A.B. asks: 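First, the structure itself, so that you have it in front of you.
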Amino acid sequence: MADPQEVLSHRVQSALGAAFGPEYAETDPVIRPSQFADFQANAALALAKRLGRKPRDVAAEIVERLDVDDVVREVEISGPGFINLTLRDEWIAAQAQQILADPRAGVAVQEAQNIPIDYSAPNVAKEMHVGHLRTTVVGDALARTLEFLGHNVIRQNHIGDWGTPFGMLIEHLLDVGEHSEQADLLKSDPNAFYQGARAKFDGDEEFATRARRRVVALQGGDAETLRLWGELIELSKSYFNKIYRKLDVTLTDADLAGESSYNDALEGICRELEDKGIAEVSEGALCVFLDGFTGREGKPVPLIIRKSDGGYGYGTTDLATIKYRAEVLKADRILYVIGAPQHLHLEMVYGTAREAGWLDGGTTPIHVQIGNVLGSDGKILRTRSGAPIRLMALLDEAIERAGRVVAENRPDLDEATRAEIAREVGVGAVKYADLSVSHDNEYVFDFDRMLALNGNTGPYLQYATARIRSIFRKGGLTPEEATGPIRIAEPAERALALTLLGFGPVVEQVGDSLEPHRLCAYLFDLAQTFTSFYEHCPVLKAEDADVRASRLALTAATLRTLVLGLSLLGVSAPEQM
RNA sequence: GCACCCGUAGCUCAGUGGAUAGAGCACCGGACUUCUAAUCCGAUGGUCGCAGGUUCGAAUCCUGCCGGGUGCGCCA
């Protein structure tokens with residue numbers, strides 16, 4: 001066990017039990033990183049009141065019973081009753097050695113949960129916007145991280161592939177021709193296709209009539225209409241996959257679970273909720289009213305599950321997803337990586353599912369709220385002309401900007417290599433920018449900042465890995481050949497080794513809290529701690545062979561941790577930059 | 001009107017009820033015949049929106065207020 005915080009927790013808890021009786025052995029010892037030592041235990045302050053004694057006396061008694069000599073070099077009571085703990089260099093070195101030998105870099109495998117993750121969810125025949133970009137990137141990072149922690153992740157790309165707009169889209173497809181250039185726009189510039197259809201729908205009464213008739217045919221299961229609908233899906237899949245491949249996102253066609261896949265379940269959902277007395281008819285629509293949900297003028301807010309015209313909306317589909325994921329997929333947690341504005345709606349879906357008993361098997365639905373991406377004006381990101389930004393163009397611009405920097409700094413590399421580096425850096429920068437701020441906050445999109453080589457950015461972390469790889473190339477060995485033994489003498493070595501021990505805990509924390517930005521912050525800290533180490537401690541030019549072997553081992557452990565950490569975020573690390 | 005989110009350094013953002021609130025950027029001052037300077041070291045910069053409350057201890061928890069954003073019946 002390499003996590004100092006956990007080791008110290010157990011030791012302090014034992015001391016608490018020994019000092020104050022077994023009923024205190026479960027007390028949280030409140031181990032925290034400290035600015036005066038490596039860690040501090042704050043339990044004494046909280047316990048003082050309960051025990052009716054002075055905090056410093058309580059701390060003294062804990063210290064007296066504390067058995068940590070093998071781990072801790074110095075124990076000191078300070079201030080009102082803080083217990084400062086300074087770890088032994090040898091212990092840190094030994095733990096770092098274990099991390100180096102562990103292919104998982106100190107991340108424990110957890111008891112497997114079934115975790116469906118709903119993320120990305122673009123619409124057929126529509127451009128993905130920066131909001132989709134963020135749920136795609138955050139959802140994918142969570143999928144990768146939870147999978148690595150040992151969970152059974154089931155990716156659910158809930159694409160918008162059903163509804164009334166399809167009448168218009170199908171008629172437009174027929175008008176322009178299935179294999180026309182216009183139809184091919186769906187693969188590259190879907191909004192152009194959509195807007196073409198929309199314009200006709202709004203301006204041409206005859207077209208609008210055809211479109212409405214087509215919706216009826218689609219819902220009625222007309223074979224030719226379904227074939228054309230399938231064609232729209234296929235063309236759109238081509239667009240989605242182009243984006244996913246460029247983004248290096250793990251979603252494939254196998255993960256598609258679009259709205260249409262629940263069509264057959266909707267009628268049953270409504271009947272079940274009506275039979276259970278959860279749904280009732282109001283103003284012609286079948287609705288669920290839940291306690292605690294009121295809107296304007298105190299009127300109860302409905303979750304509409306069947307419209308007054310008999311059709312179904314997203315509320316019904318979302319209920320079908322939660323029932324399916326809970327009962328068929330046997331989900332322990334269901335993650336909805338979806339925009340923050342949909343919070344109220346999702347709460348109503350959860351509440352309805354709970355009342356219906358669908359979550360009784362121990363399923364917890366969780367809304368991973370995605371904040372809006374803003375422009376520098378603080379408004380939702382758009383082009384100067386006010387149009388939504390095309391995602392592919394945005395990625396291409398990031399790659400192009402990265403390419404300019406690479407060309408400037410690495411004229412020695414051939415063009416193909418530079419292009420690949422530019423792609424990894426540009427895409428990595430965009431993804432990292434989405435991941436490094438807490439997901440539920442809005443954040444301001446800024447190319448210059450995300451592509452900077454300084455600061456908490458993707459390129460900075462990638463550069464740190466590229467530099468380390470360069471050390472091994474120059475040294476004529478592979479990172480795997482650097483096995484230590486790790487010894488600690490210099491403060492910079494100590495700081496680096498101690499930071500390495502924090503990887504396992506932070507990955508576990510991301511799995512629990514579903515906050516990838518914590519991993520970003522950790523990796524940035526690790527990279528900074530490494531560059532500082534690298535500045536102060538010669539590695540290849542170390543004074544003797546033992547020191548060199550130890551520093552190479554620390555360097556190898558850092559590289560593996562950085563690359564593994566970035567991979568959990570879905571950010572690649574180029575061999576050179 | 002009701003609900004949710006947010007308010008921390010000039011800017012962008014972190015912050016597990018614990019000691020003197022942190023990064024990055026920008027600005028200022030240093031370090032390159034380099035182990036990749038695409039870097040590093042240092043300095044400056046704060047009434048944590050305001051006011052109460054709980055607590056030994058509050059940026060963090062509770063209440064009220066101010067300011068900003070979002071949502072609130074047949075779109076998703």
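Keep in mind that this is a model prediction, so the values were computed, not measured.
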A.B. asks: For A:Arg56 and B:A19, what is the distance between atoms CZ and C1' respectively, to the nearest whole Å?
C.D. replies: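 It works out to 12 Å between those atoms.
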
A.B. asks: Would you indicate which nucleotide in B:U36, B:C41, B:U39 comes nearest to any side-chain atom of A:Asn454?
C.D. replies: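 Output: B:U39.
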
A.B. asks: Taking the P atom of each, how far is B:G7 from B:C61, in whole Å?
C.D. replies: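 Looking at atom P only, B:G7 and B:C61 are 11 Å apart.
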
A.B. asks: Just to verify, what does A:Val539 make a side-chain contact (heavy atoms from CB on, under 4.5 Å) with, not counting sequence neighbours?
C.D. replies: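 side-chain contact (heavy atoms from CB on, under 4.5 Å) check on A:Val539 returns A:Ile471, A:Phe533, A:Tyr534, A:Arg551, A:Leu552, A:Thr555.
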
A.B. asks: Looking at residues at least two apart in the chain, or sitting in another chain, which of them share a side-chain contact (heavy atoms from CB on, under 4.5 Å) with A:Ala489?
C.D. replies: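 If we apply the side-chain contact (heavy atoms from CB on, under 4.5 Å) test to A:Ala489, skipping adjacent residues, the hits are A:Glu493.
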
A.B. asks: Just by distance, no angles: are the side chains of A:Tyr119 and A:Gln156 close enough, under 3.5 Å, to form a donor-acceptor pair?
C.D. replies: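 There is no such pair (donor and acceptor under 3.5 Å, judged by atom type) between the side chains of A:Tyr119 and A:Gln156.
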
A.B. asks: Answer with yes or no whether the side chains of A:Asp161 and A:Ser260 bring together a donor and an acceptor at under 3.5 Å.
C.D. replies: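 A:Asp161 and A:Ser260 do have a side-chain donor-acceptor pair below 3.5 Å.
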
A.B. asks: Can you find a side chain N or O atom of A:Lys299 that sits less than 4.0 Å from OP1 or OP2 on B:G73?
C.D. replies: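 A:Lys299 to B:G73 OP1/OP2: no side-chain N or O under 4.0 Å.
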
A.B. asks: Identify whether the glycosidic angle of B:G24 places it syn (within 90° of 0) or anti.
C.D. replies: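 Base orientation: anti.
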
A.B. asks: Mind checking if A:Gly455 touches a base, just sugar-phosphate, or nothing, with heavy atoms under 4.0 Å?
C.D. replies: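 Here A:Gly455 touches the backbone only, sparing every base.
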
A.B. asks: For a 4.5 angstrom cut-off between non-hydrogen side-chain atoms, does A:Glu259 reach A:His158?
C.D. replies: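 A:Glu259 reaches A:His158 side chain to side chain.
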
A.B. asks: Are A:His132 and A:Asn123 close enough that a side-chain donor and a side-chain acceptor fall under 3.5 Å?
C.D. replies: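 Side-chain D/A pair, A:His132 to A:Asn123: absent.
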
A.B. asks: When you measure from the side-chain N and O atoms of A:Ser532 to the phosphate of B:C41, is any distance below 4.0 Å, counting only OP1 and OP2?
C.D. replies: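 Checking B:C41 against A:Ser532, a side-chain N or O does come within under 4.0 Å of OP1 or OP2.
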
A.B. asks: Within the 4.0 Å heavy-atom criterion, would you say A:Ala48 contacts the bases, only the backbone, or no part of the nucleic acid?
C.D. replies: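 No contact.
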
A.B. asks: Is there side-chain contact between A:Ile269 and A:Leu273, with heavy atoms separated by less than 4.5 Å?
C.D. replies: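 Contact flag for A:Ile269/A:Leu273 side chains = yes.
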
A.B. asks: Tell me: CD of A:Gln462 to P of B:U36, nearest whole Å?
C.D. replies: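 Roughly 19 Å, once rounded to whole Å.
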
A.B. asks: In terms of the nearest nucleotide of RNA chain B, which residue is placed more toward the 5' end: A:Gly292 or A:Asn409?
C.D. replies: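 Whichever sits nearer the 5' end wins; that is A:Gly292.
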
A.B. asks: Determine whether A:Asp318 and A:Tyr336 satisfy the following criterion, side-chain hydrogen bond (donor to acceptor under 3.5 Å, both in side chains), listing intermediate values before the conclusion.
C.D. replies: CA-CA 10 Å; A:Asp318 286 340; A:Tyr336 288 87; over 6 Å; no

A.B. asks: Using whole Å, what does the distance between atom C1' of nucleotide B:G71 and atom NE2 of A:His343 come to?
C.D. replies: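 Value for this atom pair: 11 Å.
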
A.B. asks: Using a 3.5 Å cut-off and no angle test, enumerate the donor-acceptor pairs between side-chain atoms of residues 302-317 of chain A and protein atoms at least two apart in sequence or in another chain.
C.D. replies:
{"residue": "A:Asp309", "atom": "OD1", "partner": "A:Gly311", "partner atom": "N", "Å": "2.8"}
{"residue": "A:Thr316", "atom": "OG1", "partner": "A:Ile305", "partner atom": "O", "Å": "2.6"}
{"residue": "A:Thr317", "atom": "OG1", "partner": "A:Gly313", "partner atom": "O", "Å": "3.0"}

A.B. asks: Is there side-chain contact between A:Val12 and A:Ile31, with heavy atoms separated by less than 4.5 Å?
C.D. replies: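 Yes - at least one pair of side-chain heavy atoms lies under 4.5 Å apart.
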
A.B. asks: Determine the contact category for A:Ala466: base if any of its heavy atoms lies under 4.0 Å from a base atom, sugar-phosphate if only primed atoms, P, OP1 or OP2 are that close, otherwise nothing.
C.D. replies: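 Base: the residue A:Ala466, judged by heavy atoms under 4.0 Å, touches a nucleobase.
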
A.B. asks: With rounding to whole Å, what would you report as the distance between B:C50 and B:U8 at their C1' atoms?
C.D. replies: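 My reading of the C1' atoms in B:C50 and B:U8 gives 15 Å.
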
A.B. asks: Using atom names, set out every protein N or O paired with an N or O of nucleotides 74-76 of chain B below 3.5 Å, distance rounded to 0.1 Å.
C.D. replies:
{"residue": "B:C74", "atom": "O2", "partner": "A:Ser308", "partner atom": "N", "Å": "2.9"}
{"residue": "B:C74", "atom": "N3", "partner": "A:Ser308", "partner atom": "OG", "Å": "3.4"}
{"residue": "B:C74", "atom": "N4", "partner": "A:Glu283", "partner atom": "O", "Å": "2.8"}
{"residue": "B:C75", "atom": "OP2", "partner": "A:Lys307", "partner atom": "NZ", "Å": "2.9"}
{"residue": "B:A76", "atom": "OP2", "partner": "A:Tyr314", "partner atom": "N", "Å": "3.1"}
{"residue": "B:A76", "atom": "O3'", "partner": "A:Glu259", "partner atom": "OE2", "Å": "2.1"}
{"residue": "B:A76", "atom": "N7", "partner": "A:Tyr314", "partner atom": "OH", "Å": "3.1"}
{"residue": "B:A76", "atom": "N6", "partner": "A:Tyr314", "partner atom": "OH", "Å": "2.3"}

A.B. asks: Rounding to an integer number of angstrom, what distance separates B:C11 and B:A26 when you compare their C1' atoms?
C.D. replies: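 Straight-line distance between the two C1' atoms is 7 Å.
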
A.B. asks: Could you give the NE2-to-C1' distance, from A:His536 to B:A31, as a whole number of Å?
C.D. replies: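 After rounding, the reported distance stands at 11 Å.
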
A.B. asks: Taking only the P atom of each, what is the distance from B:A9 to B:G15 in whole angstrom?
C.D. replies: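 Result for the P pair: 15 Å, nearest Å.
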
A.B. asks: A:Phe36 side chain: which of B:A19, B:A23, B:A38 is closest?
C.D. replies: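 Closest of the options to the side chain of A:Phe36: B:A19.
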
A.B. asks: Do A:Val368 and A:Ile117 make a side-chain contact, defined as non-hydrogen atoms from C-beta onward lying under 4.5 Å apart?
C.D. replies: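 A:Val368 vs A:Ile117: side chains apart.
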
A.B. asks: Identify the stems formed by RNA chain B, where each pair is Watson-Crick or G-U wobble with both distances under 3.5 angstrom and a stem is at least 3 consecutive pairs.
C.D. replies: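 Expected stems, ordered by start: B:1-7 with B:66-72, B:10-13 with B:22-25, B:28-31 with B:39-42, B:49-53 with B:61-65.
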
A.B. asks: Just the rounded figure in Å: distance from P of B:G71 to CD of A:Gln369.
C.D. replies: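 Spelled out: CD on A:Gln369 to P on B:G71 is 13 Å.
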
A.B. asks: On RNA chain B, does the nearest nucleotide to A:Pro80 precede the nearest nucleotide to A:Lys541 from the 5' side, or the other way round? Give the residue.
C.D. replies: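 Its nearest nucleotide lies further toward 5', so the answer is A:Pro80.
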
A.B. asks: A:Asn84 side chain: which of B:U39, B:C4, B:A19 is closest?
C.D. replies: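 Looking only at heavy atoms from C-beta outward on A:Asn84, the closest nucleotide is B:A19.
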
A.B. asks: Assign a letter to each nucleotide of nucleotides 8-16 of chain B from its 5' end: B, base within under 4.0 Å of a protein heavy atom; S, sugar-phosphate only; -, no contact.
C.D. replies: ----SSSSB

A.B. asks: Determine the Euclidean distance between corresponding P atoms of B:G10 and B:G52; express it in Å to zero decimal places.
C.D. replies: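 Looking at atom P only, B:G52 and B:G10 are 24 Å apart.
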
A.B. asks: Hey, are A:Tyr443 and A:Asn372 close enough side-chain-wise for a donor-acceptor pair under 3.5 Å?
C.D. replies: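 There is no such pair (donor and acceptor under 3.5 Å, judged by atom type) between the side chains of A:Asn372 and A:Tyr443.
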
A.B. asks: Are A:Gln35 and B:A21 close enough that a side-chain N or O sits under 4.0 Å from OP1 or OP2?
C.D. replies: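 False: A:Gln35 side-chain N/O out of range (4.0 Å or more) of B:A21 OP1/OP2.
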
A.B. asks: Mind checking A:Cys537 for me? I need base, sugar-phosphate or nothing, with any heavy atom below 4.0 Å counting as a touch.
C.D. replies: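 It contacts base atoms.
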
A.B. asks: Rounded to whole angstroms, how far apart are CG on A:Leu374 and C1' on B:U70?
C.D. replies: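 A:Leu374 atom CG is separated from B:U70 atom C1' by 11 Å.
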
A.B. asks: Between B:G45 and B:G22, how far is it from one P atom to the other, in whole Å?
C.D. replies: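 These two P atoms come out 14 Å apart once rounded.
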
A.B. asks: Using the P atoms only, state how far B:G46 lies from B:C4, rounded to an integer number of Å.
C.D. replies: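 35 Å, rounded to whole Å.
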
A.B. asks: Is it true that A:Asp414 and A:Arg418 make a salt bridge, defined as a side-chain N closer than 4.0 Å to a carboxylate O?
C.D. replies: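 Answer for the salt bridge query: no.
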
A.B. asks: Just checking A:Arg50: base, sugar-phosphate only, or nothing, at a heavy-atom cut-off of under 4.0 Å?
C.D. replies: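 It contacts nothing in the nucleic acid.
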
A.B. asks: Over how many whole Å does the gap from A:Leu453 atom CG to B:C25 atom C1' extend?
C.D. replies: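 Rounding to the nearest Å, CG of A:Leu453 and C1' of B:C25 are 14 Å apart.
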
A.B. asks: Under 5.5 Å centre to centre and under 30° between planes: does that hold for A:Tyr460 and the six-membered base ring of B:A38?
C.D. replies: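 Given the distance and angle limits, no, they do not stack.
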
A.B. asks: Establish whether the base of B:A23 is bridged to the side chain of A:Gln528 by a donor-acceptor pair shorter than 3.5 Å.
C.D. replies: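 Side chain to base: no pair below 3.5 Å.
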
A.B. asks: With rounding to whole Å, what would you report as the distance between B:G29 and B:U54 at their C1' atoms?
C.D. replies: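 My reading of the C1' atoms in B:G29 and B:U54 gives 47 Å.
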
A.B. asks: Could you check how far CG of A:Leu413 sits from P of B:U36, rounded to whole Å?
C.D. replies: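 From A:Leu413 CG to B:U36 P: 14 Å.
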
A.B. asks: Are A:Asp446 and A:Arg449 within salt-bridge range, i.e. N to O under 4.0 Å?
C.D. replies: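 A salt bridge is present here (some side-chain N lies under 4.0 Å from a carboxylate O).
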
